[in-house]
There are 2 protein chains.
Amino acid sequence: MNEVLVDSSRTLADRVFSRLQDDIVRGVIAPGSKVSETDLAGRYGVSRGPLREAIRRLESRKLLEREVHVGTRVASLSFDDLIEIYHVREALEGLAAGLAARLMTAEEVAGLTELLGQHEQQQDLRHDTAYFQREGDLDFHYRIIQGSHNRTLIRMLIGELYHLVRMYRYQFSTVANRPQKALHEHRRIVEAIEARDAEMAELLMRRHISRARENIEQQAQQRSPQ
Amino acid sequence: MNEVLVDSSRTLADRVFSRLQDDIVRGVIAPGSKVSETDLAGRYGVSRGPLREAIRRLESRKLLEREVHVGTRVASLSFDDLIEIYHVREALEGLAAGLAARLMTAEEVAGLTELLGQHEQQQDLRHDTAYFQREGDLDFHYRIIQGSHNRTLIRMLIGELYHLVRMYRYQFSTVANRPQKALHEHRRIVEAIEARDAEMAELLMRRHISRARENIEQQAQQRSPQ
DNA sequence: TCAATGGTTATTGTCGACAATGGCGCCGGG
DNA sequence: CCCGGCGCCATTGTCGACAATAACCATTGA
């Protein structure tokens, strides 16, 4: 989504890291499956050295789970894990929205407004609905997080949590069943940011993510009603 | 503080990771200084392979900064970085305190109360003040974070942010100049947790960290009054 | 004297091979 | 028939060597 995928730049370990991360997130490699270093090295055409470095980085992002002398397996998120992540998202993205309302530049706000307009148009035309519900939604949040201008916060949300959220969406092919409501909430958040109302922006963002979490909890109950 | 330092367990890369992290946090290796892979390999008596893995992990924790084909240098925190971190801490530890008030077991609450009692005693006797202000303070927060029972939250705070905070404290030899107030705030937080008042615990924790941040901002202004 | 350019050198990036550990299946005994 | 021990094998952990890149310095020209 955001990260550069130019295969001719940087180092080998960096490229295999990007590709492997993408394959994991998109479910090309089945969640929970064991992956052998030798297999992966062959698959990506590199030696085990750079591959191991990529594995270590993905391990610290919780996309891979490693057990010494046993092997590495792709992380498989449970519903509980996802609920935990959403609690953290609520706190962090609430902070981000508040900071964004105070610190976003006029250009950033304009870009955000434009992005939202595009989403609303897509929604009206019933075009590319799946895209909006997946990457489009993340794009919106992505902009606001960047607007916080807090590098630590950006790193934690974009660099760590979002890959897990994306993986989950692919894993359970979650088509958010409340796109209109979500879009409406997005609109109100943007309005708060445009008005530079930090408290309101934070409140609305927290509520927005909180509702998304409740939605997931409902789905979980329906699928496995104990 | 928390991580096992048993040098006879796990893998070489894990051990050199722990030792290197400790040396960086404690300032044994000067912040901002360049570190050569060959030098470090010799220093810890390992090959460059495991060392590189340790470097990658410390890099993703922002304790090391790497530039391809140029070198690795120890991160040196700016005041701005620290302020950013404290904003994130405020959001995350506020969440943690709220969750702790709801989810901590009776044993955990008892242990927390006992820890606080020890700190108050140390404070009264003016014993080991430096310790309280450094590791002791972190111990208190550490317990509450663990009490949140949210693995993602624990990982982000303990696994990532706290090492940076610790490094900063060593780097600027910050002796918190408001230990009595901090201790009093700790007491009130514990009372809220004992009363299972989640909202109050969150509010008090946020205020506690917010005040610590303001304290740092004051110090920064005094040292470099523009 | 200064700047540009070339070579040299130190450092990192990559690779293949060897060592060590844990899992798995076979075999024997109860 | 079941259980425990033993040995093989696959996989990971570690190492040293080679290749590639960028910084540094000296030299030369203006």
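So you know, we letter chains A, B, ... as the sequences are listed, proteins then strands, and number each from 1.
- Proximity note for A:R66 (side chain, C-beta onward) versus D:dT12, D:dG13, C:dT12: the nearest is D:dG13.
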Only distances under 3.5 Å count here; give the side-chain donor-acceptor pairs of residues 64-77 of chain A to other protein atoms, sequence neighbours excluded, each with its distance to 0.1 Å.
unit_1 : atom_1 : unit_2 : atom_2 : d
A:R66  : NE     : A:E59  : OE1    : 3.1
A:R66  : NH2    : A:E59  : OE1    : 3.4
A:R73  : NH1    : A:G32  : O      : 2.6

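- C:dT14 atom C1' lies 13 Å from atom CG of A:D14, rounded to whole Å.
- At C:dT12, none of the side-chain N or O atoms of A:T11 fall inside 4.0 Å of OP1 or OP2 (strictly under the cut-off).
- Atom CZ of B:R52 and atom P of C:dC15 are 11 Å apart (whole Å).
- Within the structure, a side-chain polar atom (N or O) of A:S36 is placed less than 4.0 Å from OP1 or OP2 of D:dT12.
- Relative to the side chain of B:L12, the nucleotides D:dT14, D:dT12, C:dG16 differ in distance, and D:dT14 lies closest.
- D:dT12 atom C1' lies 16 Å from atom CD of A:E53, rounded to whole Å.
- Between A:R57 and A:E53, no side-chain nitrogen of the basic residue sits less than 4.0 Å from a carboxylate oxygen of the acidic one, so the salt-bridge criterion is not met.
- In this structure a side-chain-to-backbone donor-acceptor pair under 3.5 Å is missing from A:R151 to B:D81.
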Pick out the pairs of N or O atoms, protein on one side and nucleotides 18-22 of chain D on the other, that lie under 3.5 Å.
none

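- Residue contacts shown for A:R73 are absent, as no nucleic acid heavy atom lies under 4.0 Å away.
- Distance, A:L40 CG to D:dT12 P: 9 Å, rounded to whole Å.
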Start with the C-alpha distance between A:Y86 and A:E90, add both sets of side-chain angles, then the distance that settles side chain to side chain donor-acceptor pair (under 3.5 Å), and finish with yes or no. CA-CA 6 Å; A:Y86 266 74; A:E90 184 178 331; over 6 Å; no
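- Among A:R206, A:E202, A:M205, A:H208, the one residue that satisfies the side chain to side chain contact (heavy atoms under 4.5 Å, CB included) test with A:E93 is A:M205.
- Between A:F79 and A:Y168, the two ring planes are perpendicular [angle over 60°; tilted spans 30° to 60°].
- For the pair A:K34 NZ and D:dA10 P, the interatomic distance rounds to 14 Å; values are reported in whole Å.
- For B:I55 and C:dT14, the CD1 to P distance is 14 Å, given to the nearest whole Å.
- Listed nucleotides D:dG13, C:dG13, C:dG16 differ in distance to A:E37; the shortest reach to its side chain belongs to D:dG13.
- Of the possible donor and acceptor atoms, none in the side chain of B:S148 sits under 3.5 Å from a partner among the backbone N and O of B:I144.
- In this structure, B:L51 atom CG and D:dG13 atom P are separated by 16 Å, rounded to whole Å.
- OP1 and OP2 of D:dA10 both lie 4.0 Å or more from every side-chain N or O belonging to A:T38.
- At the heavy-atom level, B:V16 lies nowhere under 4.0 Å from the strands shown.
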